[in-house]
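Here, residue 1 is the first one in the sequence, and each next residue gets the next number. Start at 1 and go down the list; that is how both ligands and their atoms are numbered. These figures come from a predicted structure and were not determined experimentally.
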Amino acid sequence: MSSKLVACTFGFLWALGHGLPQVATSLTFNEPKFDLVKNAVSSTTTSAISSATPLLQNFAVYPPVTTPADDDCTVLLMDYHFAYSYGAPYVGTYTPPNCKFNRVSMNFTVTSSGRQFDRLALMYFNDTEVWRTSTAEPTTNGIVWTYVKDMTEYMYFWNSSQKLIFDLGNIVSSTYTGIFNTTLTATFFTAQETADSADLILPVSARQGNNNKGSVYMIPSANATNTFTIPRNVNRAVFAVSANGQSTEEFWWANVLQSDVESFQAVDGTLYGFSPFREVQVFIDGDLAGVQWPFPVIFTGGVVPGLWRPIAGIDTFDLREHEIDITPWLGVLCNGEEHTFEIKVAGVLDDGEGSGVLTETVGASWYVTGKLFLWLDSNSKSITTGAKPLALLPAPTIKTSQKLTTDSTGANETLEYTIDVTRDMSVSSLIKSQAGVGLQTWTQALSATNYGKYTQYGAVQQNNQTTHGKDVSTGRTPYASTYTYPLYALSTYLVQPDGTDFTLDAQLIQGNDLVITGSSVFPNGLQPFSNISSASSLVSGLSGTSLSTTLEGTAHYLSGPGGSSGYGSTSQVMKFYGLSATNNAIDTELYYRSVAAVNTTVVSDVEKLAGKETSFTFNGALPKTQGVFGISSSKEATGRGLGSVKEDLISSGH
Ligand SMILES: *[C@@H]1O[C@H](CO)[C@@H](O)[C@H](O)[C@H]1NC(C)=O
Ligand SMILES: *[C@@H]1O[C@H](CO)[C@@H](O)[C@H](O)[C@H]1NC(C)=O
Ligand SMILES: *[C@@H]1O[C@H](CO)[C@@H](O)[C@H](O)[C@H]1NC(C)=O
Ligand SMILES: *[C@@H]1O[C@H](CO)[C@@H](O)[C@H](O)[C@H]1NC(C)=O
Ligand SMILES: *[C@@H]1O[C@H](CO)[C@@H](O)[C@H](O)[C@H]1NC(C)=O
Ligand SMILES: *[C@@H]1O[C@H](CO)[C@@H](O)[C@H](O)[C@H]1NC(C)=O
Ligand SMILES: *[C@@H]1O[C@H](CO)[C@@H](O)[C@H](O)[C@H]1NC(C)=O
Ligand SMILES: *[C@@H]1O[C@H](CO)[C@@H](O)[C@H](O)[C@H]1NC(C)=O
Ligand SMILES: *[C@@H]1O[C@H](CO)[C@@H](O)[C@H](O)[C@H]1NC(C)=O
């Protein structure tokens, strides 16, 4: 126990002393110092850059977004190198092209070389966030990746000129040399089926577009609240919320119960708390309108970086937004007066005796924005009416358990804890608009189970959680989404006997099962298949989609003064189906991919696009390492509460 204690503490000091000061001295902003310690940094090798070495191809696994082969209507939106860009986003102008279109897709292609953390990036049209992505971590020889995204839901913006703000906050120094060279293009084309895009999109954001800044709110230090009027002739309204945790909240899914945060104080400092459960909440005039139980996005430096090279995690290159149908509120919202929209993030404050309550605050920070997608009646004079919705909002059921064991000296040695939360809610009202009169109902049924276990005084950490939800909107424009997010992570942090090196080993299994039917605001992924001749007949008559993916990986990381190294293996399987219009059953396989990578090399890759199969098997010799990594500390890499180290940085940064 005592050797462990000393060794761990030394590990943190080492990280502090070796990696951070050069960067910390140049910090004048409020948030980026969190980024500096949140994750292990990317690798760099000691060998000189070889210009003959091709860039390593990084990628995410996702269903294809295709554009017609003969298309020639592509516009360059951004060609920009993000060097020291924290607080200084790219600002440009988008002008609509001279061609007809009813669909738009974007291509974001990035190259980078050197050493760098993963970085979050938010794209805005003026004050409205339209895309959230994050970067892969570069290598000395350089990496490249492309992400293609259907952006048709933003037709309201694409139809006219916009201020484009792309906020990729990067920090470079003599140590963190990676610059992100980016190219963003948009391709405009006409598909047979026309998407029913919103007529108006209004932001709930910090509204900093006029100042050429990003408009994200960081809560809890800011309140994510906007008050404004909306047109009176709205017949459908959907609130989309975009939210993810950073710094002390990046690995919220591995946080402990609040009553356990001091369990390993002597070894690990104060752990991050508020439980491993989070709820993003949307309020209208102070009333809860809907919630998002977030998907645990893991960035490319997360847990152990070797997991994510070259395969990025699920949703890491495209952080999914959550849709909340607020059509039942239109009777209230269309009264011509101002209304307040607020986004909050809650965790759980447990009583140490098996129960708990949702909190009003969490750790710092959650990056949030929202927006209203609004569909208008053709008659601009028509006024939508209806009563304030009837809301059934029983408090969530929260059950916790915890068990600490001590060693012979009385020190805490192991901690086991669980938190299970369930919540059901529904909001409904009779809404009358030019489009018709009918009962509009929004329901959500959610459950989350979390199991956490620390052993060896916190050196070994295991988390196993599953979030399950079903959101249903009934009325004029039905929509339903069923989702399951399983996540298992096991990480072991071992300090070497001389106290100067540490190793990290991790095993991770993560999944996302997502079934969508009806009119989602965000594209459900079917459209690209209607333009593939072998698939277009398959797609007509489908009622929805089923996406199911599982990613599994193991990785190792060794850090110390003599240099650091790492390696890993990751595999991912994705199945994307169309649902039968007659019974919503899983019907037609549209896309399948099973890919595996070992030590940065893709070793097998089977892909089926509308039944057409391609496959690849690697037969060469595998590299034995991913290179030499930069600084890290156990908590940076594992997401265990960073306690004292981070607090030191925070205070020294101000
Ligand atoms: C995306 O754009 C890059 C150039 O920026 C190009 O090389 C690549 O072929 C494009 N990919 C797709 C799928 O359009
Ligand atoms: C990024 O752009 C700079 C400047 O043009 C160039 O020197 C560098 O090689 C580029 N990086 C990569 C990885 O392509
Ligand atoms: C965009 O412009 C097209 C062509 O003028 C029009 O048909 C469509 O309704 C517009 N969409 C939105 C959301 O403004
Ligand atoms: C950006 O938003 C501000 C206020 O939110 C508005 O005054 C301005 O006109 C907008 N600019 C553009 C180009 O839409
Ligand atoms: C957020 O709202 C609360 C409650 O109204 C208030 O006490 C607090 O000062 C606000 N914080 C900020 C940063 O505006
Ligand atoms: C053991 O854990 C409990 C609960 O977190 C904490 O109150 C106590 O201070 C810890 N004991 C030691 C010796 O760290
Ligand atoms: C995680 O928990 C689920 C539900 O209890 C269980 O079925 C699964 O086997 C666990 N996974 C691991 C890797 O222990
Ligand atoms: C794909 O789109 C192009 C352009 O709109 C169209 O000409 C072509 O017929 C489409 N192909 C299929 C199979 O739908
Ligand atoms: C990956 O690299 C590690 C470290 O050199 C090595 O031990 C391992 O055998 C490699 N994996 C394979 C499949 O070659």
inquiry  = Tell me every residue that passes side-chain hydrogen bond (donor to acceptor under 3.5 Å, both in side chains) with Asp350, counting only those two or more places apart in sequence or in another chain.
reply    = Ser259
ask   = Thr405: what forms a side-chain hydrogen bond (donor to acceptor under 3.5 Å, both in side chains) with it, not counting sequence neighbours?
value = Thr414
What residue and atom, counting heavy atoms only, is the protein's closest point to [atom], and at what distance?
atom	answer
atom 8 (C) of ligand 6	Asn412 ND2, 3.8 Å
atom 5 (O) of ligand 6	Ser263 OG, 2.9 Å
atom 10 (C) of ligand 5	Asn223 ND2, 2.4 Å

ask   = Between Thr406 and ligand 6, which part of the residue brings a heavy atom under 4.0 Å of the ligand: side chain, backbone, both or neither?
value = neither
message = Tell me the contacting part of Ser259 for ligand 6: side chain, backbone, both, or neither, using a 4.0 Å heavy-atom threshold, strictly below.
response = backbone
message = Closer than 4.0 Å and a protein heavy atom, does any atom meet both conditions relative to atom 2 (O) of ligand 6?
response = yes
Contact (N/O only, under 3.5 Å) between Gln265 and ligand 6 = no
key: N or O pair under 3.5 Å between Asn599 and ligand 9   = yes
query = Which ligand 5 atoms, with their elements, are less than 4.0 angstrom from a heavy-atom of Ser221?
reply = 13 (C)
message = Rounded to the nearest 0.5 Å, what separates atom CG in Asn255 from atom CG in Leu271?
response = 8.5 Å
